[in-house]
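Below: the structure, in structure tokens.
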Amino acid sequence: MPWLYLLLAIAALAVAFKTTSVAVLVVCLLLSLGFFLAWVMKLLAQRVDSQSRDTSMILDPAELRRLREQAEARRAAASTSTTPPPAA
């Protein structure tokens, strides 16, 4: 879809170069500028969208709390099993 904007911008420039009317020239140049800006913005939007994370993968607070509790339980179990018994 963004390439359509670029093609329209080039077509508007071609019409601007071929016309003999000043009013048509101004309109075509403004259209070309608008289509070119739309093309750039669409490309940037696609790049940002491709770099963003999936929002369905974001953890809610309850899930995050549950994962922290599991990690604390694992650490507690690991620390109790790795400590040597006191020497008598």
Side-chain angles (χ1 to χ4, degrees):
M1 182 67 183
W3 300 108
L4 182 63
Y5 290 130
L6 182 61
L7 291 175
L8 288 171
I10 292 171
L13 272 178
V15 171
F17 283 130
K18 296 289 185 183
T19 188
T20 57
S21 171
V22 176
V24 174
L25 172 72
V26 170
V27 169
C28 286
L29 287 177
L30 288 175
L31 280 174
S32 178
L33 177 65
F35 283 133
F36 181 73
L37 288 175
W39 173 65
V40 169
M41 294 302 287
K42 191 72 169 174
L43 281 179
L44 291 175
Q46 282 183 346
R47 174 167 275 202
V48 167
D49 189 42
S50 70
Q51 298 293 325
S52 64
R53 294 187 309 175
D54 186 15
T55 56
S56 66
M57 299 300 291
I58 296 175
L59 297 176
D60 63 338
E63 180 72 15
L64 192 58
R65 188 178 325 106
R66 186 183 66 79
L67 289 173
R68 282 187 184 139
E69 290 170 356
Q70 284 180 351
E72 287 175 10
R74 280 193 211 112
R75 270 189 253 123
S79 67
T80 58
S81 65
T82 57
T83 57

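Hydrogens, waters and symmetry mates play no part in the numbers below; they use all other heavy atoms, side chains included. By convention here, the first residue in the shown sequence is residue 1.
A salt bridge does not link Arg66 to Glu69: none of the charged nitrogens lies less than 4.0 Å from a carboxylate oxygen.
Annotation for Leu37: hydrophobic cluster partners, listed by chain and number, are Leu33 (ILVMFWY side-chain heavy atoms under 4.5 Å, direct or chained).
Take Ser50 and apply the side-chain contact (heavy atoms from CB on, under 4.5 Å) test, not counting sequence neighbours, and it matches no residue. With sequence neighbours left out, the side chain to side chain donor-acceptor pair (under 3.5 Å) criterion links Gln70 to no other residue. Arg65 meets the side chain to side chain donor-acceptor pair (under 3.5 Å) test with no other residue; sequence neighbours excluded. When the side-chain contact (heavy atoms from CB on, under 4.5 Å) test is applied to Ile10, the partners found at least two apart in sequence or on another chain are Leu6.
Of all heavy-atom pairs between Leu25 and Ala16, the closest is CD1-O, 3.3 Å.
Screening residues 37-73 for ring-ring contact (aromatic ring centres under 6.0 Å, His included) gives Trp3-Trp39, Phe36-Trp39 as the qualifying pairs, with residues at least two apart or on separate chains.
Heavy atoms from other residues, nucleotides or ligands lying under 6.0 Å from OH of Tyr5 number 12 at most.
Side chain of Ser32 to main chain of Cys28: no donor-acceptor pair is present (N/O by atom type, distance under 3.5 Å, no hydrogens or angles).
Criterion: ILVMFWY side-chain heavy atoms under 4.5 Å apart, direct or through other members. Under it, Val27 and Phe17 are not part of a common hydrophobic cluster. Linking Ile, Leu, Val, Met, Phe, Trp and Tyr residues whenever their side-chain heavy atoms come within less than 4.5 Å places Leu8 and Leu44 in a single cluster.
A distance of 10.0 Å separates CG in Leu13 from CG in Leu31, rounded to the nearest 0.5 Å.
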